[in-house]
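In what follows, chains are A, B, ... by sequence order, proteins preceding strands, each numbered from 1.
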2 protein chains.
Amino acid sequence: MLKETIQIITQTFSPLSDECKKELEQYAQIQSFQKGHQLVKEGQFSDKLFFIVEGCARAYYLKDGKNITDWFAFEHDFICAINSFFLFIPSPHYIELLEDSTLLVVSREDMMTLSDKYHDFERLGRISTTKTMLQLQQRVVSLQFESSQQRYLNLISIYPHIELRVPLGDIASYLGITQETLSRIRASRNRI
Amino acid sequence: MLKETIQIITQTFSPLSDECKKELEQYAQIQSFQKGHQLVKEGQFSDKLFFIVEGCARAYYLKDGKNITDWFAFEHDFICAINSFFLFIPSPHYIELLEDSTLLVVSREDMMTLSDKYHDFERLGRISTTKTMLQLQQRVVSLQFESSQQRYLNLISIYPHIELRVPLGDIASYLGITQETLSRIRASRNRI
DNA sequence: CGCCGAGTTGAACTGAATCAAGAAACGTGG
DNA sequence: CCACGTTTCTTGATTCAGTTCAACTCGGCG
């Protein structure tokens, strides 16, 4: 499973030499957890990068006691406590599993070692970061001046099955709206 | 000026070997333009990355005839037509100079050559992309559930002098609000 | 069965948009 | 250096999308 997963990663992002792949196999681990498990809690220093083999997860933070989803990850997506991982600070985010999931886990330290040693791996990092940057840029555009309905339609065009896998309230906060508003948007769509 | 600028870049992001620096000097150019000059227009394929030596610029797009700022760049920031540059598609963005400016310009092709040849340069790319990703993530959080006043305060804490250099309407659309609302926020602050 | 979390619906409220008008600042040419 | 038009900014009145608060429905499950 580890080898297959690394294969998927290299195919999706950028190829790695056999040598580099072999070394990555040494460092990476496959782990499974149940739905509801918290991979990261607020305040922790998290130095782990997760790649979803099977299942899904979300990153969220608390604002005025409310639970705000910041990021979803499904099969073949990366997820990490972005601020903690890259800035070495306590995480403002929680990361929790929305389903029983299987993950590939690598530590920042091991990634740094691989990045130093292999130009290949550095490139994989650059390319996956670039993809994430482009996704975030799209989200900014969406949050800037689209109506909540447009943002919702956007999201389900990117993740058509998200409603079957993720609670309504989590989707709502990701879109920057309340659960009630999302429920009404959905209702008005079903009427058409 | 070229050498000094490259020096600034390596100090800000990640060091480069002398050899790599020398080759970058071959490819990069310093160019100056007047305020109002459009570096990129909507629909163009833009394969240039710009680094602001002196001056400032903004990226914007048109939505329903309205002008929406997506990105500001000041001294020592990068700016490019992000979608066109990374996805090889016609740019939805314009990029215009807000002041008379001096820029360092590199083409994507030359950057690819350097990335292939120098591990150093690949790393510089990864690190600068990571910084941009983190900035965008902060902006998403800001747009998701902060009030327009909080977003404004955020912005001026990051760029204290932005109001002296950038028209109000451009700042407003960057924050996802109208010019009128921003004017009122400012007025209410001055009253306190 | 009754509880519980997730989703829905309703009514009142509010922050920000819109529309409209005017004031201030800015640049350009006489 | 002033007069002019243009762009930028402010202020007011009205409207509207989305929030808030509260009650209710539904399906699952001990």
Side-chain angles (χ1 to χ4, degrees), chain A residues 34-38 56 58 60 62-69 72 96-100 141-156 161-192, chain B residues 34-38 56 58 60 62-69 72 94 96-100 142-156 161-192:
Chain A
Q34 289 195 321
K35 173 173 175 166
H37 177 75
Q38 293 191 316
C56 59
R58 72 176 183 119
Y60 67 96
L62 299 179
K63 180 177 168 89
D64 308 330
K66 273 171 234 158
N67 195 299
I68 299 180
T69 302
F72 290 117
E96 71 167 17
L97 299 180
L98 297 167
E99 298 173 355
D100 294 353
V141 168
S142 186
L143 287 165
Q144 231 176 338
F145 274 108
E146 286 182 357
S147 68
S148 52
Q149 170 154 309
Q150 284 171 317
R151 298 205 291 279
Y152 169 72
L153 294 176
N154 253 354
L155 182 69
I156 57 173
H161 304 303
I162 194 169
E163 296 192 313
L164 303 173
R165 302 178 72 178
V166 180
L168 184 82
D170 295 349
I171 298 174
S173 67
Y174 179 83
L175 295 173
I177 60 180
T178 60
Q179 170 164 330
E180 293 92 327
T181 300
L182 182 52
S183 179
R184 282 182 246 266
I185 287 170
R186 209 145 66 154
S188 76
R189 270 186 68 66
N190 293 339
R191 248 177 273 123
I192 296 166
Chain B
Q34 289 195 320
K35 173 174 175 167
H37 177 76
Q38 293 192 316
C56 59
R58 72 177 183 119
Y60 68 96
L62 299 179
K63 179 175 169 91
D64 308 330
K66 273 171 235 156
N67 197 297
I68 299 179
T69 302
F72 290 117
Y94 296 79
E96 71 168 16
L97 299 180
L98 296 167
E99 297 173 354
D100 295 351
S142 185
L143 288 165
Q144 231 176 339
F145 275 107
E146 286 182 356
S147 68
S148 51
Q149 170 153 309
Q150 284 171 317
R151 297 205 292 279
Y152 169 72
L153 295 176
N154 253 353
L155 183 69
I156 57 173
H161 304 302
I162 193 169
E163 294 190 314
L164 303 173
R165 301 178 71 178
V166 179
L168 184 83
D170 295 349
I171 297 174
S173 67
Y174 180 83
L175 295 173
I177 61 180
T178 60
Q179 169 164 327
E180 293 92 326
T181 300
L182 182 52
S183 178
R184 282 183 247 266
I185 287 169
R186 209 146 65 154
S188 77
R189 270 187 69 66
N190 292 340
R191 245 176 277 124
I192 297 164

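- Atom P of nucleotide C/dA16 and atom OH of B/Tyr152 are separated by 15 Å, given to the nearest angstrom.
- Between the CD atom of B/Glu99 and the P atom of C/dG27 there is a distance of 12 Å, rounded to whole Å.
- The base of D/dC9 is not paired with the side chain of B/Glu163 by any donor and acceptor separated by under 3.5 Å.
- Nucleic acid contact class of A/Ser148 (heavy atoms, under 4.0 Å, all strands): sugar-phosphate only.
- Rounding to whole angstrom units, CD of residue A/Glu146 and P of D/dG18 are separated by 12 Å.
- For the pair B/Gln179 CD and C/dA16 C1', the computed distance is 15 Å after rounding to whole Å.
- The CD1 atom of A/Ile68 sits 11 Å away from the P atom of D/dT19 (whole-angstrom rounding).
- The base of D/dC9 has none of its N or O atoms less than 3.5 Å from a complementary donor or acceptor on the side chain of B/Glu180.
- If you find the closest nucleotide of DNA chain C to A/Asp170 and to A/Phe145, the one lying nearer the 5' end belongs to A/Asp170.
- Within the 4.0 angstrom heavy-atom criterion, base atoms lie near A/Thr181.
- No side-chain heavy atom of A/Thr69 sits under 4.5 Å from any side-chain heavy atom of A/Ile171.
- Atom CG of A/Leu182 and atom C1' of D/dT20 are 16 Å apart (whole Å).
- In the displayed structure, B/Lys35 atom NZ is contacted under 6.0 Å by at most 12 heavy atoms of other residues, nucleotides or ligands.
- With rounding to whole Å, B/Arg184 atom CZ is found 15 Å from C/dA23 atom C1'.
- Look at A/Arg186 and you won't find any side-chain N or O under 4.0 angstrom from OP1 or OP2 of C/dG7.
- Sequence order on DNA chain C of the closest nucleotides to B/Lys35 and B/Arg151 puts B/Arg151 first from the 5' end.
- The closest side-chain heavy-atom distance from B/Leu153 to B/Gln149 is below 4.5 Å.
- Taking 4.0 angstrom as the limit, B/Thr178 places none of its side-chain polar atoms (N or O) nearer than this to OP1 or OP2 of C/dA16.
- Atom CG in B/Leu98 sits about 16 Å away from atom P in C/dC26, given to the nearest Å.
- The shortest side-chain heavy-atom distance between A/Gln144 and B/Ile68 falls under the 4.5 Å cut-off.
- For B/Ser147, the side-chain atoms get nearest to C/dA16 when compared with the rest of D/dC9, C/dA16, C/dA17.
- Residues A/Gln150 and A/Ser147 come closest through the heavy atom pair OE1-N, 2.9 Å.
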